[in-house]
Amino acid sequence: MTLHIVDHPLAQHLLTRLRDVETPPPVFRTLAKRLTIALVIEAARELPSIEVEVETPLQKAPGRLISPDLVAVPILRAGLGMLEAVTELFPEVTVGYVGLERDDTTLRPTSYYEKMPALEGRHVLLLDPMLATGGSAAGATARIAERNPAGIVFVCVVAAPEGVRRMEAEHPEVPVFTAALDRGLNDKGYILPGLGDFGDRLFGTGPDSGLPPLTRRPG
Ligand code: PRP
Ligand code: URA
């Protein structure tokens, strides 16, 4: 398995702002999308492209187009924070979904939803921001691989060495693109230093969530 750490200064700038505990959900969502664009631009090196010729206003020009067989699969729920980046970069992309939720105690993911287009012979971008133990990414990759795609590329925001080792052991053919390889996991399976619970920060469902007090009367 090849691990690609996207160390472009802009990617690192966006990651640093995402990590910051002071970043609130509306900003977190924007940063997540922008960082995913930077990651997917790099991951697109793994996608096949074909040589074409186009007419400019002046003459013919040779060019390349990325193959239109692309399928994006976000792992619900946090992977949704990466999806819009892909649909904007590749408006023709087909989208499949895998719903996985990690048990807080066993850290094993259970599947609660799956909706997949035909994948045979197609190229899949699998999206999940956090590669922690690797159980979710490896499980989703296995479900996708059963459908015989031509290739799978996994894109995440932060990876832990444990998750990278698991992907290497179970899916050595799948390249992994990430903005950071962090130190490790704590005893609850959270990445250190990480950025906390990505899904909670994206959707505002953390322990401090709830309605903020009204500071002035409406109307
Ligand atoms: C988080 C994250 C990954 C998974 C990573 O999802 O988005 O899917 O944990 O952990 P792992 O590598 O140890 O499997 P979570 O299960 O918390 O669900 P959510 O996306 O609904 O918040
Ligand atoms: N899931 C997250 O959202 N964050 C982690 O650090 C680990 C798993």
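Each ligand, and each atom within it, is numbered from 1 in the order the structure gives. If you're wondering where the values come from, they're calculated on a predicted model, not measured in any experiment.
For E114 and R143, the salt-bridge test passes: some basic side-chain N is under 4.0 Å from an acidic carboxylate O. With salt bridges taken as basic N to acidic carboxylate O contacts below 4.0 Å, one links E88 and K33. Electrostatic pairing of R19 and D182 counts as a salt bridge here, judged by a charged N lying under 4.0 Å from a carboxylate O. A salt bridge between R77 and D200 is present, with a side-chain N of the basic residue lying under 4.0 Å from a carboxylate O of the acidic one.
Within a 4.0 Å radius of atom 2 (C) of ligand 1, the protein contributes at least one heavy atom.
At the shortest separation from atom 18 (O) of ligand 1 among protein heavy atoms lies L100 O, 4.0 Å. Nearest to atom 3 (O) of ligand 2 among the protein's heavy atoms is F198 N, 2.8 Å. Nearest protein neighbour of atom 17 (O) of ligand 1, counting heavy atoms only, is D197 OD2, 4.3 Å. Distance from atom 15 (P) of ligand 1 to its nearest protein heavy atom, with residue and atom name: R102 N, 4.2 Å. Scanning all protein heavy atoms for the shortest distance to atom 8 (C) of ligand 2 gives R102 NH2, 3.6 Å. The nearest heavy-atom contact from the protein to atom 11 (P) of ligand 1 is T133 OG1, 3.4 Å. Of all protein heavy atoms, the one closest to atom 14 (O) of ligand 1 is S136 OG, 2.6 Å. Counting protein heavy atoms only, atom 6 (O) of ligand 2 is closest to I191 N, 2.8 Å. With hydrogens left out, the protein atom closest to atom 5 (C) of ligand 2 is Y190 CD2, 3.4 Å, a heavy atom. The protein non-hydrogen atom at the shortest distance from atom 5 (C) of ligand 1 is M130 O, 3.2 Å.
Judged by the shortest distance from any of its heavy atoms, G196 lies inside the 4.0 Å radius around the atoms of ligand 2. Not a single heavy atom of R201 lies less than 4.0 angstrom from ligand 2. In this structure, P109 falls outside the shell of residues with a heavy atom less than 4.0 angstrom from ligand 1.
The A78 neighbourhood of ligand 1 comprises atoms 7 (O), 20 (O), with distances under 4.0 Å to a heavy atom of that residue. For ligand 2 and G189, the ligand atoms under 4.0 Å from any heavy atom of the residue are 7 (C). With ligand atoms numbered from 1 in the order given, ligand 1 contributes 16 (O) to contacts under 4.0 Å with heavy atoms of E101. Of all atoms in ligand 1, numbered sequentially from 1 with element shown, those under 4.0 Å from a heavy atom of G135 are 12 (O), 14 (O).
At least one test fails for R166 against the ring of F154: distance under 6.0 Å to the centre or angle within 45° of the axis.
A78 and L202 make their closest contact through O-CD2, 3.8 Å (heavy atoms, listed as atom of the first residue, atom of the second, distance). Smallest separation of non-hydrogen atoms from L131 and C156: CB-SG, 4.0 Å. Across L47 and H123, no two heavy atoms sit closer than the pair CD2-CB, 4.1 Å. In plain terms, the two heavy atoms of A132 and A160 that are nearest each other are O-CB, 3.8 Å.
At a 3.5 angstrom cut-off on N or O pairs, G134 counts as close to ligand 1. At a 3.5 angstrom cut-off on N or O pairs, A132 counts as close to ligand 1.
The heavy atom nearest to atom 19 (P) of ligand 1, considering only R201, R108, R77, is found in R77.
Judged purely by distance below 3.5 Å, without hydrogens or angles, the side chains of T94 and R122 pair a donor atom with an acceptor atom.
L127 has its side chain out of reach of V73: every pair of non-hydrogen atoms, C-beta onward, lies at least 4.5 Å apart.
Contacts of D128 with ligand 1, taken as heavy-atom pairs under 4.0 Å, involve the side chain alone.
Counting non-hydrogen atoms of other residues, nucleotides and ligands closer than 6.0 Å to CD of E92 gives a total of 12 or fewer. Applying the 6.0 Å contact sphere to CD of E53 captures more than 12 heavy atoms from other residues, nucleotides or ligands.
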